[in-house]
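See structure below.
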Protein chains: 2
Amino acid sequence: MSLRMALLGVLSAYGSASGYDLTKGFERSVAHAWQAGHSQIYPELAKMTADGLVTVEAEGARGRKIYSITPEGRAELRAWLIGHDPTGPARSEIALQAFLLPLLDPGEALAVLERLKTYAERKLAELEALWAAKHASPVPEGTSGVRFGDLALDLGIRHTRTTLQWVNDAMAQLERRA
Amino acid sequence: MSLRMALLGVLSAYGSASGYDLTKGFERSVAHAWQAGHSQIYPELAKMTADGLVTVEAEGARGRKIYSITPEGRAELRAWLIGHDPTGPARSEIALQAFLLPLLDPGEALAVLERLKTYAERKLAELEALWAAKHASPVPEGTSGVRFGDLALDLGIRHTRTTLQWVNDAMAQLERRA
DNA sequence: ACCGACATGTAAACGGTTACATGATTTG
DNA sequence: CAAATCATGTAACCGTTTACATGTCGGT
């Protein structure tokens, strides 16, 4: 369902868009919350059309199909947001490596943590750059007062900061024993 | 690969175990970092046996097969921990709902955040209880000084606390505008 | 005798990734 | 005219979930 909802959301924000646009839009906007490539998006849009959640509004140049959300689509999205409990299983390779870390001797473990640190730092810089870029331009039209995607980006930044802090603390703890 | 590594890790910590034991062990110990049910574990153990990473040490009552890790298995696990960059795509339903939240009017958005808050609170309580239970008993044998799984549990707790804080801030922000 | 926990497996379906395949239009 | 970008699709594969299927052992 999540892919569907992400597509409905982005489409709803765009007003109308092609599969191609949505693929690019995913990379730019939702990427840190949900990912999908064109090979997943095109078939899904076809299924959603069959289910009446979106319609092909027009067909442009190069076989470009322009989709827009239907009232049914809007209703489904709303219902999911209001009613769906995000129970999604939290699989994280970082957490798994953290779990298994005591199997290594302290020196090796430190090296792994060093790697995780670099990774987290890079990701944090990326997300913060995205935030800065978004907030450089003045406020565009907003549904309420909060900009589309800002809440999710904020969450992502906070999570990454937490990870970074955890790595630092874990390293300090290991060094004290080494 | 991750499932394999999680299995090798748990098996390595247990010394020896059956598929059944590992399934139960997953629920108890790695659940917050990685999940797998028996229907995924049994076939994987068979493949790992074929690949020489584990061996059937003995066959007990009720067709119970007792596995243990081989030197090759240990080597693979070590190599993965030291060499594998955790690039795993971060898909999060919470982040997705956060992303889409501005599509709702403030009252509805608040209700969604309230739900997320309850969810995060329940999860935090769960993880903290797990932590308390683990640390109630005195220190068991440890590979270094850190207990198996403690680092990952700590990370999980910190992440959940961060989520909770984010929800609270988002709610306050919305209420200021409502 | 029955129930619950132990114990192992398979199959169908689903979601996601990677690779294959094709062609139109714009820009240098 | 060549290269980049636009634009859409399909197929094979892999990992995960859910459901089906079977049987054993211990306690009541």
Side-chain angles (χ1 to χ4, degrees), chain A residues 1-8 11 14 16-28 30-51 54 56-67 80 84-93 96, chain B residues 1-8 11 14 16-28 30-51 54 56-67 80 84-93 96:
Chain A
M1 278 289 96
S2 297
L3 172 61
R4 242 165 213 241
M5 298 310 146
L7 282 170
L8 287 173
L11 187 54
Y14 275 35
S16 61
S18 67
Y20 188 84
D21 295 334
L22 289 168
T23 305
K24 296 289 156 189
F26 254 63
E27 277 163 31
R28 278 184 216 111
V30 231
H32 43 96
W34 208 266
Q35 304 92 44
H38 81 274
S39 66
Q40 208 183 346
I41 289 173
Y42 287 125
E44 190 62 31
L45 283 170
K47 275 185 240 161
M48 286 162 81
T49 306
D51 293 345
V54 297
V56 179
E57 207 183 47
E59 297 207 22
R62 291 174 252 208
R64 183 186 166 90
K65 286 181 199 164
I66 296 161
Y67 291 92
W80 182 82
H84 177 76
D85 240 349
T87 42
R91 280 196 180 83
S92 156
E93 283 198 350
L96 181 56
Chain B
M1 279 290 97
S2 297
L3 172 60
R4 240 164 214 241
M5 298 310 147
L7 281 170
L8 287 174
L11 187 54
Y14 275 36
S16 62
S18 67
Y20 189 85
D21 295 335
L22 290 169
T23 305
K24 298 288 156 190
F26 255 63
E27 277 163 30
R28 277 184 215 112
V30 231
H32 43 96
W34 208 266
Q35 303 93 43
H38 80 273
S39 66
Q40 209 183 345
I41 289 173
Y42 287 125
E44 190 63 31
L45 282 171
K47 273 185 242 162
M48 285 161 79
T49 306
D51 293 346
V54 297
V56 179
E57 205 181 51
E59 297 208 23
R62 288 174 257 205
R64 183 185 166 91
K65 285 181 198 163
I66 296 161
Y67 291 92
W80 183 80
H84 178 75
D85 239 348
T87 41
R91 280 196 180 83
S92 155
E93 282 199 351
L96 181 56

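So you know, we letter chains A, B, ... as the sequences are listed, proteins then strands, and number each from 1.
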Would you mind classifying the nucleic acid contact of Arg4(A) as base, sugar-phosphate or nothing, using non-hydrogen atoms under 4.0 angstrom?
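Result for Arg4(A) = nothing.
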To the nearest Å, give me how far apart [atom1] ([X]) and [atom2] ([N]) are.
X        : N       : atom1 : atom2 : result
Tyr20(A) : dA4(D)  : OH    : P     : 14 Å
Leu22(A) : dT8(D)  : CG    : C1'   : 13 Å
Lys47(B) : dC14(D) : NZ    : P     : 9 Å
Glu44(A) : dT10(D) : CD    : P     : 13 Å
Lys24(B) : dG4(C)  : NZ    : P     : 15 Å
Met1(A)  : dT17(D) : CE    : P     : 17 Å
His38(A) : dA11(D) : NE2   : C1'   : 12 Å
Gln35(A) : dG16(C) : CD    : P     : 10 Å

OP1 or OP2 of [N] less than 4.0 angstrom from a side-chain nitrogen or oxygen of [X], does that happen here?
X        : N       : result
Arg91(B) : dT16(D) : no
Lys65(A) : dG9(D)  : yes
Arg64(B) : dG9(C)  : no
Tyr42(B) : dG9(C)  : no
Trp34(A) : dG15(C) : no

Taking the side chain of Gln40(B) as its heavy atoms from C-beta onward, which of dT17(D), dA7(D), dT10(D) lies nearest to it?
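Of the candidates, dT17(D) comes closest.
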Evaluation steps, side chain to side chain contact (heavy atoms under 4.5 Å, CB included), between Leu22(A) and Leu45(A)
CA-CA 10 Å; Leu22(A) 289 168; Leu45(A) 283 170; 4.0 Å; yes
Backbone N or O of Glu44(A) within a donor-acceptor pair of the Arg4(A) side chain at under 3.5 Å?
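Looks like no, no N/O pair under 3.5 Å.
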Rounded distance [0.5 Å steps], CZ in Arg28(B) versus OG1 in Thr23(B):
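That separation rounds to 10.5 Å.
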Between His84(B) and Trp80(B), what is the ring plane arrangement, given parallel below 30°, perpendicular above 60°, and tilted in between?
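Rings of His84(B) and Trp80(B): parallel, under 30°.
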Ser18(A) and its side-chain contact (heavy atoms from CB on, under 4.5 Å) partner, picked from Lys65(A), Arg64(A), Glu59(A)
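The residue from Lys65(A), Arg64(A), Glu59(A) that satisfies side-chain contact (heavy atoms from CB on, under 4.5 Å) with Ser18(A) turns out to be Arg64(A).
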Under-3.5 Å donor-acceptor pair between Ser39(A) side chain and dT18(C) base
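Side chain to base: pair present.
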